[in-house]
Each structure stands twice: as C-alpha cells, then as structure tokens.
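Side chains are part of it too, since the values below use all heavy atoms of this structure and drop only hydrogens, waters and symmetry mates.
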Amino acid sequence: MGGVPTAALLLLLAQGADPTTAVLGLLATIVAALLLARAWLGTLAGLEADLRAAAEGRPAPPHDPLLPSAARVSEAAARLTRSLAEREAQLSRMRRADAAIIEALPDPLIVLAGDRSPLRANAAAARFFGTGPDGHTADTAAFLRHPRIAGAVDRALAEGAPQTAEAMLPVPVARDLSTQVIPLDPPLSDGGRLLIVLADRTQARAAERMRADFVANASHELRTPLASIIGFVETLRGPAAGDPEASTRFLTIIAEQADRMRRLIEDLLGLSRIEMTEHQAPTGEARLDALARDEAAAMAPILASRNAKLTLDLSPATVTPADPGQLAQVLRNLLENAVRYGREGGKITLSVRALSSPEGGLPPGVLLSVADDGPGIAREHIPRLTERFYRVDAGRSRAAGGTGLGLAIVKHIVGHHRGRLLIESELGRGTVMKVWLPGG
C-alpha cells in the first residue's frame with residue numbers, strides 16, 4: 001500500500017527536493033500504510049473467521065470491528081449460510097420422513113443400485129427374507145436371481161417403465177409373490193435406481209385353492225349319498241314296488257344315506273359358525289373332567305358296536321376361558337375317531353389332567369389326551385389330518401360313517417380357545433391326540 005507514494009518521495013528527494021520535507025512525508029506515508037494494512041488484514045481475518053463459523057454452524061467469534069464494506073459482506077455470507085442450513089435441515093427432515101414412510105409400509109420393499117446390488121430394505125423385507133449374521137437382509141440375492149424377477153429388473157432398466165412379475169419361491173417355505181419393479185428417475189441420494197415392491201399372495205392363493213377344493217369336496221361328498229337315495233327310490237318305484245323284503249332293505253339304506261347327508265350338513269354349518277367367531281376368545285369356564293365323563297357315557301353304544309373298551313383317567317381340571325358346548329364337541333369328535341379308526345375290540349384311554357408346570361414343551365394349563373391302540377397313521381399324513389375332507393383311507397372312513405370334518409372342527413375349536421392340537425402316531429402302535437388348553 002505504501003510502495004507507490006514511498007517511491008515517488010524518494011524520486012523527489014533524488015531530484016533535489018527539501019530533504020526534511022521529503023523525509024517527513026516518507027515517514028508519514030510508511031506509518032499510514034502500516035496502519036491501513038493492519039486494518040485491512042484484521043478485517044480479512046475477522047471476515048474469514050465469520051465465514052468459517054457460519055459454514056460450521058456455530059456463532060461467530062469475537063473480534064475487532066470490521067470495515068463497513070467487509071461487514072456487509074460478512075452479514076450477507078451469514079444470511080446465505082443460514083438459508084442453506086435451513087434448506088439442508090428441511091431436506092434432512094424430508095429424507096427422514098421418506099425413510100419413515102418406506103419403513104412403515106406393510107409390504108416388503110427393496111432399493112437397488114444401478115448395478116442391481118441391493119442398497120437397503122424396509123422392516124417388512126427384513127421380516128420376509130430374514131436378517132443375516134452381518135445385520136443385513138438375507139436371501140435377497142437368491143430372490144433377485146430368480147429368472148422372472150431378473151427379467152423384470154432388466155426391462156425396467158432398459159425401458160425406464162415399471163414392470164411386474166409373478167414368482168414362486170420354493171424355499172425355505174413355498175411363497176407366491178407378486179412383484180413390481182419401479183425405475184427411479186432421478187435416482188435417490190444414495191444411488192438407488194430401482195424400487196422393488198413385493199406382495200405375498202401365498203395366503204390369498206391358498207384360500208382360493210381351499211375354497212375351490214371345499215366346493216369340489218363338499219359337492220362330491222353330497223353327490224354320493226344323493227345318488228344312492230335317487231337310485232333306490234327309482235328301484236322302489238319300479239322293479240321292487242311289490243317286494244316287501246327289498247323295500248325294507250332299500251329303505252334302510254336310504255335312511256342311512258340321508259343320515260349321512262344330515263351329519264355332513266350339520267358339520268359344515270357347525271364349522272362355519274366356529275370360523276365366524278374364531279377370532280373372539282370365549283367367555284366363561286368349563287370343568288373338562290366332568291365334560292369328559294359325560295361324553296364317555298354317551299359313547300357307550302358306539303363302543304359296544306366296536307367291542308371297544310374305554311379307560312378313563314380324569315383329574316379335576318378347569319378350562320378358562322371356555323365354551324363348554326364346543327369343548328364337548330372336541331371330546332365327542334376325538335372319541336368317535338378313536339373308536340371308528342382304532343382296532344375293533346381295542347382299548348381307548350381318555351385322560352384329563354391339569355399341568356401345574358411346563359411339560360413336554362407345553363406351558364401350565366389343561367391337557368386332554370385320547371389314545372388308541374389301532375393301526376396308526378403314517379407320518380406323511382399327520383400334517384394334513386386337520387384339512388377338510390382329508391382322509392388317510394377314504395373308503396374306510398366312509399364305511400365307518402365319517403364326514404372328513406371331525407378333526408377340522410377340533411382344530412378350529414382349539415384355535416378359538418387359544419389352545420394347541422398335537423397328533424402323535426406311528427404305524428402299528430396306535431394314535432394319541434393331545435389338546436392343550438389354558439386353565440388349571
């Protein structure tokens with residue numbers, strides 16, 4: 001700052017100017033330059049400190065007053081920094097809100113990068129695929145390698161339009177998935193280019209198949225006795241019209257088939273009523289040992305027809321909450337199954353007892369057990385025994401008068417009471433049906 005005036009004064013001094021005047025002017029110039037330089041350097045240092053503090057989001061440090069022009073620059077920079085900080089905070093809130101929305105979605109969601117690698121997944125996806133030992137969602141690689149899913153991802157990247165795909169994942173549990181692949185343009189801040197949304201249609205498809213199977217099975221079960229009734233009625237109207245012996249025999253068969261249809265319809269209606277209220281826990285309580293004693297007495301004619309012996313092992317036990325009528329039906333169905341499908345002339349044991357402590361993986365409660373010494377059931381049939389109309393031996397079941405709905409009713413009643421149904425069986429060693437219920 002003092003270089004030009006100092007050079008001018010030295011030039012004047014060299015050309016013969018008054019030395020005293022030139023030296024005084026030179027000293028005044030140097031002092032003024034030093035003072036002005038100090039003021040500017042202090043102003044620049046203070047401005048730098050203000051800008052650094054504003055960038056770091058902290059208050060400006062104390063310093064000497066700035067020159068007016070520099071002070072205005074500092075104020076403008078501070079205003080700009082505050083504006084940028086507010087925008088960044090707003091963007092951060094929006095990102096957190098977006099993340100919270102994605103995390104709260106009930107359907108599994110996966111974000112993929114441009115190279116098809118998974119970047120992140122929401123909580124539903126973590127529950128669906130499971131979490132690996134590294135804390136990240138597991139099994140997504142196998143899912144993304146599925147031919148239909150991979151094809152939908154390729155088409156979405158190539159065409160830039162949403163794609164859909166239906167896929168069946170066989171392991172670890174068979175699942176029927178409906179998948180949407182949505183390209184993101186512009187990409188997300190973390191580089192996400194694709195959004196994969198999954199919808200698990202397994203239960204819906206299973207329900208559709210069950211409804212179709214139910215209609216087919218119910219119509220088949222009703223068609224057989226109905227055909228028998230129609231055939232024998234036509235026979236009685238025609239060739240056997242004047243034959244009292246044939247009429248008596250055919251009318252007996254018609255009555256049996258009509259009773260079979262009645263039992264089937266009653267079981268279907270009862271099952272529908274139970275399903276309608278299965279989500280609501282019952283109220284009240286029931287002495288299961290007393291119910292078991294009453295049902296055992298009512299089973300005497302059926303036991304006599306099969307020459308079977310029933311042994312009772314009943315201890316005081318109260319189920320709560322409970323519907324006594326429904327629990328009586330559970331006892332009736334289990335006893336009828338043991339008599340009908342057990343060994344003729346065999347032994348059946350009906351046991352009721354309270355569990356005061358955990359036993360065999362069951363918590364304290366009430367344990368009902370019906371055991372027979374019949375032929376037993378092969379292991380592959382046990383998981384399906386509670387399905388409607390499922391029979392291990394269809395011919396034997398119909399001959400025994402079963403409708404194929406007994407264990408399905410038992411399963412739904414036990415579920416209504418928040419209990420558990422356990423089936424243990426081995427070929428040649430009989431079958432044990434256990435029902436755990438809350439109570440004591």
Taking all atoms of both residues into account, what is the closest heavy-atom pair of Pro225 and Met261, and its distance? CG-CG, 3.4 Å
Counting only N and O atoms by type, is there a donor-acceptor contact under 3.5 Å from the side chain of Ser357 to the main-chain atoms of Pro364? no
Basic-acidic side-chain contact under 4.0 Å: Glu159, Arg155: no
Measure the OG1-CD1 distance between Thr179 and Ile149 for me, rounded to the nearest 0.5 Å. 3.5 Å
Look at Arg96 together with Glu103 and state whether they make a salt bridge at an N to O cut-off of under 4.0 Å. no
In sequence, state the C-alpha distance, the side-chain angles, and the governing distance for Val319 and Glu285, and then conclude on side chain to side chain contact (heavy atoms under 4.5 Å, CB included). CA-CA 6 Å; Val319 179; Glu285 61 181 31; over 6 Å; no
Heavy-atom closest pair, residues Pro106 and Ala124: O-CB, 3.5 Å
Electrostatic pair Arg116:Asp154 at N-O distance under 4.0 angstrom: yes
Tell me the closest heavy-atom pair linking Pro363 and Leu355, and the distance in Å. O-CD1, 4.0 Å
Nearest atoms (heavy-atom pairs only) where Leu288 meets Val366: CD2-CG1, 3.6 Å
Between Thr29 (side chain only) and Gly25 (backbone N and O only), is there a donor and an acceptor less than 3.5 Å apart? yes
Determine the minimum heavy-atom distance between Leu184 and Gly192, stating which atoms define it. CD1-O, 3.9 Å
A side-chain contact here means heavy atoms from C-beta on lying under 4.5 Å apart; do Leu314 and Arg293 qualify? yes
Whether the Ser351 and Ser369 side chains hold a donor-acceptor pair (N or O, under 3.5 Å, no angle test) is what I'd like checked. no
If we only count heavy atoms from C-beta on, is the Leu310 to Leu335 side-chain gap below 4.5 Å? yes
Does any part of the side chain of Leu422, heavy atoms only, come nearer than 4.5 Å to the side chain of Leu362, both counted from C-beta? yes
Between His417 and Asp323 (side chain of the first, backbone of the second, donor and acceptor by atom type, cut-off under 3.5 Å), is there such a pair? yes
Would you call Arg262 and Glu266 a salt bridge, using N to O less than 4.0 angstrom? yes
Indicate yes or no for a side-chain donor-acceptor contact from Arg287 to the backbone of Thr318 under 3.5 Å, with no hydrogens or angles considered. no
Find out whether Leu368 and Leu350 are in side-chain contact, i.e. whether some heavy atom of one side chain is under 4.5 Å from a heavy atom of the other. yes
Is Ser425 reaching over with its side chain to a backbone N or O of Ile377, donor-acceptor style, under 3.5 angstrom? yes
Does Arg148 come within less than 4.0 Å of Glu166, counting only side-chain N to carboxylate O? no
When rounded to the nearest 0.5 Å, the distance separating CZ of Arg332 from CG of Asp294 is 11.0 Å
Looking at Asp373 and Arg343, is there a salt bridge between them, counting it only when a charged N and a carboxylate O are closer than 4.0 Å? yes
Using 0.5 Å steps for rounding, measure from the CG atom of Leu144 to the CD1 atom of Ile196. 5.0 Å
Please name the pair of heavy atoms, one in Asn122 and one in Leu105, separated by the smallest distance, quoted to 0.1 Å. ND2-O, 3.7 Å
Just by distance, with hydrogens left out, do Thr164 and Gln180 show a side-chain donor and acceptor under 3.5 Å apart? no
